[in-house]
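Note sheet for the following structure.
Lettering of chains follows the sequences in order, A, B, ..., and the numbering in each one begins at 1.
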4 protein chains.
Amino acid sequence: MARSDAVRNREKVRQAAETVLSEQGLSARMDEIARRAGVGVGTVYRHFATKEALYQAIVTARVDVLLAEADQLRESGDPRTAFFTFFTRIVADATGKKAYTDALRTAGIDLKSEQAAQAARMRQAIDDLLRNAQQTAAVRRDAALPEILALLRGATMAAETGDYPAAVLDRSLQLLLDGLRPHADI
Amino acid sequence: MARSDAVRNREKVRQAAETVLSEQGLSARMDEIARRAGVGVGTVYRHFATKEALYQAIVTARVDVLLAEADQLRESGDPRTAFFTFFTRIVADATGKKAYTDALRTAGIDLKSEQAAQAARMRQAIDDLLRNAQQTAAVRRDAALPEILALLRGATMAAETGDYPAAVLDRSLQLLLDGLRPHADI
Amino acid sequence: MARSDAVRNREKVRQAAETVLSEQGLSARMDEIARRAGVGVGTVYRHFATKEALYQAIVTARVDVLLAEADQLRESGDPRTAFFTFFTRIVADATGKKAYTDALRTAGIDLKSEQAAQAARMRQAIDDLLRNAQQTAAVRRDAALPEILALLRGATMAAETGDYPAAVLDRSLQLLLDGLRPHADI
Amino acid sequence: MARSDAVRNREKVRQAAETVLSEQGLSARMDEIARRAGVGVGTVYRHFATKEALYQAIVTARVDVLLAEADQLRESGDPRTAFFTFFTRIVADATGKKAYTDALRTAGIDLKSEQAAQAARMRQAIDDLLRNAQQTAAVRRDAALPEILALLRGATMAAETGDYPAAVLDRSLQLLLDGLRPHADI
DNA sequence: CATGAATGAGAGTTCATTCAT
DNA sequence: CATGAATGAACTCTCATTCAT
């Protein structure tokens, strides 16, 4: 079988895994992923050594997309919009998708070494957007990266649960982001 | 009658389960819980019919403690302090404890019917504290209960991960709560 | 506690066990038997060393009753009535009672040595009734004890299943017994 | 594709299960069945979803064989031989095989719905043979299907016990069947 | 390189039996 | 002697991973 077939299979598996993990979380079975990809389990294992590796691959792919978006936003001009949009974008991306949180953990700690670089880039991207936003007074200057990451993680995890209607999630995120803007108490 | 022994063992099991679940989350094995409690698995099952029941018992006990604290806080006079302290208290209680989030879910949805009453009480307690705080202008009047619960859930989940140093969690919570206060943009 | 209490307890346990085993068969739990007897499991074990022993005690008691009936029937005069009534009596006694079959096995093989004597008496009782019935030409002379016991066992087991309405069991037993009478083909 | 292997293994499992269930009855352990088949437990479960399903598969297969024999016998000409041979055949098939009775229960009650059709066919087969035999005066006309089934069940259960030598079983069955023939009392 | 059957180490749960109270 | 809590081996079933075809 030609090389291109293998590449195609890898992609089929990745997509199936993304769907299944989104729906069922980490407890999804490998058989189910294979079934949805239309291949045998063996093929899944050919492309991804373990369930963990498959999962990491998905997260990596997702973070790559997010990183690209961060780049675009950073270059789009308005630092305020860039920061808030990215924050919102990440949360929206996770909404209702189980087992996706780790995309953010990736930006934090506990990652496999191969992904250290990507994690650093994510941290850097958020840091850049944050600093730009702070320099234009769009975000409180006393908010440092670590706490912003923690808030982002929490927002993402709440969104993942699937327990909250979109409107509620929106309002809660609005409150959160609004609170990050510089303000004077009334 | 070995009643006192039984009570003691039940408590040993409960504590062991609390510890183990805190450390390992819901995937913790019943054998491990029994081992830590210094009893046989059968004893664990004598006191708690299923793994789920054991878990629910722990969550229920914890939420009861929190509810008592909510009562005290509400009667302690200052609505501002009461609200922010309770929010902080819940998050602090969850910090580093895996599988604890569901205490909050309890206040949301998806609970077993026996715990419906407790869940309702939790919602009510938070609602009371929120309304009081809003009436004294300690919290934005446009923040409704559902979004507050979502924010609380997120903060709790982030705390549970164990991925963030206490200082970072503190600062992130500070930012979040500060943002809930009424304010004018600068 | 006085001796009489112990005796009373033993009897309570025996009766509870008889009921429970009749209803649920050998898979009945010891806890359930104790509960129905109104005692603790420990008490059940004080009187009967194992579940098997308890079961054997019940069977033994039942067979004793049946043996007494066999005596009465043998002395009641009519050999024909005696044989058919006893056969019917045994089957009726087992109807719908799970795990009772072994009363008959007792008359066959595989019994614990303590019950060998009782088993022998049962065989003897049936043999006596059979011979008497054969001597008065109430039963075919070519039917020997072993095959009669096998037929009795089968009839009893079918009755125990609880799968057949009383009327059906009656008719089947009627056919069986009728077939045991001396007859000429038509 | 290891299809042929799978088929072979399924058959190995089925045979091992048949053997083990014959020897030990329904209480046989799945581990033991796997061991005898020379496969892992997982393989047993791959082919048969539950212990119950495995058991049902065996019974179903056996009843299918019996049904085929019933067909042959019905078409073989002599109604008398057909009926008595089939009755004998069923009992012989069960002799010494624990947990086989349910093949007959299948013809009665309490069956899983998927086997309703097979059960009905078994009833029908026996009914056909019975009616044919009755029309040629080989069997008493007052013996209806339900009681015949009850007698068959009892004979089968007695045979299953393994408590009776073949000669005894033979004679008991001879007595039973002989009694089913039309006759005049002497 | 793909397949999916096979593996087997657990995981939760049950229950006859023991023994501290 | 009675109690019932404790025990832990057994049992069924699951699923990530391996490997023969």
Given that both distances must come in under 3.5 Å, which nucleotide forms a Watson-Crick or G-U wobble pair with [N]?
N	answer
F:dA20	E:dT3
E:dA9	F:dT14
F:dA9	E:dT14

Quiz item: Can you name the closest pair of heavy atoms from C:T50 and C:M30 and give their distance?
Solution: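 Distance-wise, the nearest heavy atoms are C-CE, 4.4 Å.
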
Quiz prompt | First encountered from the 5' end of DNA chain E, between D:R10 and C:G42 | solution =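 By nearest-heavy-atom nucleotide position, the 5'-most residue is D:R10.
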
[X] side chain near [N] phosphate (N/O to OP1/OP2, under 4.0 Å):
X	N	result
A:N9	E:dA2	yes
B:H47	F:dA6	yes
B:T43	F:dA5	no

Please give, in whole Å, the distance from [N] [atom2] to [X] [atom1]?
X	N	atom1	atom2	value
D:E52	F:dC13	CD	C1'	15 Å
A:I33	F:dA16	CD1	P	8 Å
C:E32	E:dT14	CD	C1'	15 Å
C:Q24	E:dC15	CD	P	10 Å
A:R35	F:dC15	CZ	P	14 Å
D:R8	E:dA5	CZ	C1'	12 Å
D:L54	F:dC13	CG	C1'	13 Å
D:M30	E:dT7	CE	P	14 Å

Looking at [options], which one has an atom nearest to any side-chain atom of [X]?
X	options	answer
C:V41	E:dT17, F:dG8, F:dT17	E:dT17
B:Y45	E:dG12, E:dT17, F:dT17	E:dG12
D:R46	E:dG4, F:dC13, E:dA2	E:dG4
A:K51	F:dT12, F:dG8, F:dA16	F:dA16
B:R29	E:dA11, F:dT12, E:dA16	E:dA11

Quiz item: Could you give the distance from OG (C:S27) to CG (D:L26), rounded to the nearest 0.5 Å?
Solution: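 Answer rounded to 0.5 Å: 11.5 Å.
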
Practice problem: With rounding to the nearest 0.5 Å, note down the distance linking CG in D:N9 to CZ in D:R46. | Solution: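 Going from CG on D:N9 over to CZ on D:R46, the span is 10.5 Å.
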
Exercise. For the residue pair B:F48 and B:Q56, establish whether any side-chain heavy-atom pair is separated by less than 4.5 Å.
Key: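 With C-beta onward as the side chain, the pair stays apart.
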
Exercise. Flag the pair A:L54 / A:V13 as yes when at least one side-chain heavy-atom distance between them is below 4.5 Å, and no otherwise.
Key: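 A side-chain contact under 4.5 Å exists here.
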
Quiz item: How would you label the contact of A:A28 with the nucleic acid (heavy atoms, under 4.0 Å): base, sugar-phosphate, or nothing?
Solution: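 Sugar-phosphate contact only.
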
Quiz item: Contact class for B:D31 vs. all strands (heavy atom < 4.0 Å): base, sugar-phosphate, or nothing?
Solution: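 Answer is nothing: B:D31 stays at 4.0 Å or more from every strand.
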
Quiz item: Want to settle it: does B:V44 or D:A49 sit nearer the 5' end of DNA chain F, counting the closest nucleotide to each?
Solution: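 Nearer the 5' end of the strand: B:V44.
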
Quiz item: Any ion pair linking B:E23 and B:R36 (charged N to carboxylate O, less than 4.0 Å)?
Solution: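 Yes, this pair counts.
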
